[in-house]
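Here's the structure we're looking at; comments come further down.
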Amino acid sequence: MELRNFAAIDFETANQLPSSVCSVGIVVVKDCQVVDSFYSLIKPEPEYYDFWCSQVHGLTEYDTRRAPLFPEVWAQIEPLIEGLPLVAHNKAFDEKCLQAAFRCYGMTYPDYEFHCTLVKSRRVWPCGRHNLDLIAERCGFDLSLHHHALADAEACAAIAIKIFNPGDDPYFQEPSDIVLARMQCLEAPIKAADLATLMHTDRKIINKALKILKEEGKVISPKRGYYIINSNTPAE
């Protein structure tokens with residue numbers, strides 16, 4: 001799936017409640033080029049800071065005591081992202097924050113289309129860690145200000161440009177190649193269903209990939225329902 005036009009978004013929160021957004025970064029991408037960006041502090045709701053959250057992003061009550069409320073900030077963001085899907089690294093967090101902030105202020109949530117660079121990066125590079133800074137570096141972006149909302153949104157945008165556009169992306173792999181790479185990390189046979197769960201991927205995609213790999217002789221099925229790398233396959 002290509003994603004050439006989108007808005008990357010990142011929230012930081014003051015505490016463990018998703019409604020407590022205290023900063024937001026937005027990066028607008030058109031035709032795979034960054035065309036606009038936006039950053040703002042936000043007065044969190046509820047207005048208190050968890051020690052550990054402050055340790056992560058460095059913000060405190062002092063920073064946001066005079067910051068605008070979420071509805072004021074979103075009124076500035078809304079025109080920038082109109083008609084665009086949103087992208088986040090770990091969308092489960094940012095989408096939850098956005099929905100919680102809308103609920104907190106009684107705003108009607110537009111049901112934004114969301115995509116996740118974290119999930120996608122796990123499919124493109126099945127092995128290793130997938131922290132935002134590490135994947136950003138792999139995509140050629142130096143994230144020196146990790147956990148600053150705008151810097152994180154910029155990193156997310158850089159990643160999305162790379163991994164959501166296979167026609168232009170030198171990192172792109174076919175699903176069967178991705179499955180093969182993940183199986184190379186395993187030491188024991190695995191069921192297709194378990195592999196789908198492990199890779200956060202639809203079972204039909206895994207089944208199709210395994211069928212291709214089996215036909216190519218790259219995987220074998222030593223026991224009904226289980227698959228493993230064929231150790232006798234010559235290295236390419």
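The figures that follow rest on heavy atoms only: side chains count, while hydrogens, waters and symmetry mates do not. Since this is a predicted model, take the numbers as computed values, not measurements.
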**Request:** Evaluate the criterion side chain to side chain contact (heavy atoms under 4.5 Å, CB included) for residue pair Leu84 and Asn5; output intermediate values, then yes/no.
**Result:** CA-CA 7 Å; Leu84 295 174; Asn5 304 302; 3.9 Å; yes
**Request:** Check the hydrophobic clustering (I, L, V, M, F, W, Y; side-chain heavy atoms under 4.5 Å; chains of links allowed) and say if Phe102 and Val21 are grouped together.
**Result:** yes
**Asked** Does Arg224 make a cation-pi contact with Tyr226 (under 6.0 Å, within 45 degrees of the axis)?
**Response** no
**Asked** Heavy atoms, side chains only, cut-off 4.5 Å: are Met183 and Leu195 in contact?
**Response** yes
**Asked** Would you say Ile163 and Ser121 make side-chain contact, with heavy atoms under 4.5 Å?
**Response** yes
**Asked** Does the side chain of His115 come within less than 4.5 Å of Lys91's, by heavy atoms?
**Response** no
**Message:** Counting C-beta onward and ignoring hydrogens, is there a side-chain heavy-atom pair between Gln16 and Cys53 closer than 4.5 Å?
**Reply:** yes
**Request:** List the steps, then state whether side chain to side chain contact (heavy atoms under 4.5 Å, CB included) holds for Tyr48 with Leu17.
**Result:** CA-CA 10 Å; Tyr48 71 88; Leu17 295 175; 4.2 Å; yes
**Item:** Flag side-chain contact, heavy atom, 4.5 Å: Cys97 against Thr13
**Value:** yes
**Request:** Would you mind reporting whether Leu213 and Tyr227 have side-chain heavy atoms less than 4.5 Å apart?
**Result:** no
**Prompt:** Side chains of Phe114 and Leu98: does their closest heavy-atom pair fall under 4.5 Å?
**Reply:** yes
**Asked** Once the angle between the rings of Trp74 and Phe70 is folded into 0 to 90°, is it parallel (under 30°), tilted (30 to 60°) or perpendicular (over 60°)?
**Response** parallel
**Prompt:** Given the side-chain rings of Phe93 and Phe11, with only the six-membered ring counted for Trp, is the space between their centroids under 6.0 Å?
**Reply:** no
**Item:** Exceeds 12 heavy-atom contacts within 6.0 angstrom, atom CD of Glu215
**Value:** yes
**Request:** Dump the intermediate steps for side chain to side chain donor-acceptor pair (under 3.5 Å) on His146 and Asp152, then the final yes or no.
**Result:** CA-CA 6 Å; His146 195 9; Asp152 283 1; 3.1 Å; yes
**Heavy-atom side-chain contact between Leu41 and Cys22 under 4.5 Å** = no
**Prompt:** Under 3.5 Å, is there a donor-acceptor pair linking the side chains of Thr64 and Tyr49?
**Reply:** yes
**Asked** Taking NZ, NE, NH1 and NH2 as the nitrogens, is one of them in Arg65 or Glu61 under 4.0 Å from a carboxylate oxygen of the other?
**Response** no
